[in-house]
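Sequence lines set the chain letters: A, B, ... in the order given, protein chains first and strands last, and positions in each chain run from 1.
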Amino acid sequence: SQQGEEDPQALSIQEGENATMNCSYKTSINNLQWYRQNSGRGLVHLILIRSNEREKHSGRLRVTLDTSKKSSSLLITASRAADTASYFCATDPLLTSGTYKYIFGTGTRLKVLA
Amino acid sequence: DSGVTQTPKHLITATGQRVTLRCSPRSGDLSVYWYQQSLDQGLQFLIQYYNGEERAKGNILERFSAQQFPDLHSELNLSSLELGDSALYFCASSSGGYPGNYEQYFGPGTRLTVT
């Protein structure tokens, strides 16, 4: 699997329910970020969590990071139809060359039904 | 509106041709990033410039090149185009030079279709 794989690939829920999506990565990172993309449009930054943080909140969003399991989760509470979008995690793995890459995951397509 | 502008919005061209995509970052941002998004490859980081200098390189093909000008706008040049280059190309900007530490602001993208 590649660095930054989201799970599930697609998720369909009713309005008002919570949505949880997960991101797994392979190598050590400094930070992990979550982005949202509405169909065919540019990405919008949601939240940044640093490797020494375990949990972060922003409005209806809750992000957790487990560096031992190399995974992160994004929870959207009380979902709304407007939350329908694709959600991506992005990581900055440290490379042995001392350089870095910035890698986006495969994304989770969330559909919230009214 | 993120404050990042990209032109053109759409571009249709033939195989073998060369095109230039343009990006103006948010006011005050020094970093510009280029991404390619396609159905089969997902969102791929191509290259980053910080204050005119190349900072990091991702999966950018040798047929592609970029630069950042003194006024901080950036151009992505794609040459010898192939059908597989058809994709959405996004530009993003951030205030700092290390992408993991800073929020990136994305432009609306340029949809490139190679026929």
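The aromatic rings of F104(A) and F106(B) sit perpendicular, their planes meeting at an angle over 60°, well past the 30° parallel limit. Aromatic ring orientation, Y35(B) versus F45(B): tilted (interplanar angle from 30° to 60°).
Pairing each heavy atom of Y102(B) with each of S95(B), the nearest pair is CD2-OG, 3.5 Å. Nearest heavy atom pair, residue V32(B) against residue L72(B), reads CG2-O, 3.8 Å. For the pair L11(B) and V19(B), the tightest heavy-atom approach, listed with the atom from each and the gap, is CD2-CB, 3.7 Å.
Between the S74(B) side chain and the C23(B) main chain, no donor and acceptor come within less than 3.5 Å of each other.
A donor and an acceptor atom, one from each side chain of D66(A) and S71(A), are nowhere located under 3.5 Å apart. Using modelled atom types and a 3.5 Å distance limit, the side chains of N31(A) and N101(B) yield a donor-acceptor pair. Looking at Q33(A) and H45(A), their side chains do bring a donor and an acceptor atom within 3.5 Å of each other.
The stretch residues 35-44 of chain A places Y35(A), Q37(A), G40(A), R41(A), G42(A), L43(A) near chain B, each with some heavy atom under 4.5 Å from a heavy atom of that chain. Listed by sequence position, L88(B), F90(B) are the residues of residues 84-93 of chain B in contact with chain A, using a 4.5 angstrom heavy-atom cutoff.
Of the two parts of Y105(B), neither the backbone nor the side chain holds a non-hydrogen atom closer than 4.5 Å to a non-hydrogen atom of chain A. Neither the backbone nor the side chain of Q6(B) comes within contact range of chain A, judged by heavy atoms closer than 4.5 Å.
For the pair R62(A) and E55(A), the salt-bridge criterion is met [side-chain N within less than 4.0 Å of a carboxylate O].
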